[in-house]
Amino acid sequence: MSTAERRICVSICERDVAALTTAIKHAAETGHFIELRLDCINEGALTSAIENLHQLIQQHAQSTIITFRPQEQGGLRSLTLDERLQFWREHGFRLPAFLFDLEIDLVEEFLRNGESVDWSRVICSTHDFSAGVAEPGNLYERIA
C-alpha cells in the first residue's frame, strides 16, 4: 500500500458534548476519518448532544463515521437491539455523517424489515471478543 492510499481514522469516545467538540477539532487536524462513538456520550446527554452534532458534523461531513455500539460489541452502554434500531431510525441516519458503522445484527434487521437505508454509506461490522470466530467464511458471507 502506498503512502497516498493510507488513511487514519481517529476514534472519539467522549462523555459530553464539550469534550466531544474539542476532540473532533483535534482529530480533524490529524485524521482522514473521525469515528464518533455516540455510545460513549452520557445517556442523559445524548438527546442534546445529537442536536449539537448536526452543526458539528457538517463542518467535517466528508470524514465523519457514526457508531452506536452495545457493550457486547465493545460499546459503553447496555443497549437492546430495539433501542439501537430506534436510535438509528430517529437520529443516527439523520446525522450528516459520511458513513454509518452498523453491527451485523442491525444490518440484518433492517434488511429483514425492508427498511430504506442508504447502503452506500454503511459500514457493516462485528466485534467478537470471545476466543474467535468458528467459521470466518460464514461470517464474511453474512457481512458481505
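These values consider heavy atoms only, across backbone and side chains, with no hydrogens, waters or symmetry-generated copies. Residues: numbered from 1 along the sequence shown.
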Nearest heavy-atom contact between Gly31 and Val10 is CA-CG2, 3.9 Å
Please tell me whether Ile66 and Val122 are part of a single hydrophobic cluster in this structure, the criterion being side-chain heavy atoms less than 4.5 Å apart. yes
Atom OG1 in Thr67, atom CD1 in Ile123: separation rounded to 0.5 Å? 9.5 Å
Could you tell me if the side chain of Leu106 sits less than 4.5 Å from the side chain of Phe68, heavy atoms only? no
Should Leu85 and Trp88 be counted in the same cluster of Ile, Leu, Val, Met, Phe, Trp and Tyr side chains packed under 4.5 Å apart? yes
Would you compute the distance between atom CD1 of Ile50 and atom CD1 of Ile41 and round it to the nearest 0.5 angstrom? 8.5 Å
Report the C-alpha distance between Phe87 and Asp39 in whole Å, list the side-chain angles of each, state the deciding distance to 0.1 Å, and finish with yes or no for side-chain contact (heavy atoms from CB on, under 4.5 Å). CA-CA 10 Å; Phe87 166 81; Asp39 53 275; over 6 Å; no
Might you work through the side-chain contact (heavy atoms from CB on, under 4.5 Å) test for Arg69 and Asp101, ending with a clear yes or no? CA-CA 9 Å; Arg69 293 190 191 120; Asp101 184 351; 3.4 Å; yes
Smallest heavy-atom separation, Ser78 atom then Gln71 atom, equals CB-OE1, 3.6 Å
Within the 4.5 Å heavy-atom criterion, are Trp119 and Val107 side-chain neighbours or not? yes
I'd like to check Val17 versus Leu56 (side-chain heavy atoms, cut-off strictly below 4.5 Å). Are they in contact? no
Indicate, with yes or no, if Leu36 and Phe100 share a hydrophobic cluster defined by side-chain heavy-atom contacts under 4.5 Å among Ile, Leu, Val, Met, Phe, Trp and Tyr. yes
Judged by atom type as modelled, is there a donor-acceptor pair below 3.5 Å linking the side chain of Arg121 to the main-chain atoms of Phe93? no
Pair listing, side chain to side chain donor-acceptor pair (under 3.5 Å) test, anchored in residues 14-32, at least two apart: Arg15-Asn42
Worked verdict on Glu103 versus Arg84 for side-chain contact (heavy atoms from CB on, under 4.5 Å): CA-CA 10 Å; Glu103 294 75 32; Arg84 292 164 47 228; 3.2 Å; yes
Output the distance between atom CD1 (Ile104) and atom CD (Glu109), rounded to the nearest 0.5 Å. 12.5 Å
If you measure from the Lys or Arg side-chain nitrogens to the Asp or Glu carboxylate oxygens, is any gap between Glu83 and Arg77 under 4.0 Å? no
Supply the atom-to-atom distance Ile12 CD1 to Ile34 CD1, rounded to the nearest 0.5 angstrom. 5.5 Å
Would the number of heavy atoms belonging to other residues, nucleotides or ligands and lying under 6.0 Å from CD of Glu43 be above 12? no
Which residues pass the salt bridge (charged side-chain N to carboxylate O under 4.0 Å, His left out) test with Glu115, not counting sequence neighbours? Arg89
When rounded to the nearest 0.5 angstrom, what distance separates SG in Cys40 from CG in Leu46? 11.0 Å
Minimum-distance pair of heavy atoms, taken over all atoms of Ser120 and Leu99: O-CD2, 4.2 Å
Rounded at 0.5 Å granularity, tell me how far CD in Gln58 sits from CG in Leu95. 10.0 Å
From CA spacing to verdict: side-chain contact (heavy atoms from CB on, under 4.5 Å), Phe110, Leu102: CA-CA 10 Å; Phe110 284 129; Leu102 303 179; 4.1 Å; yes
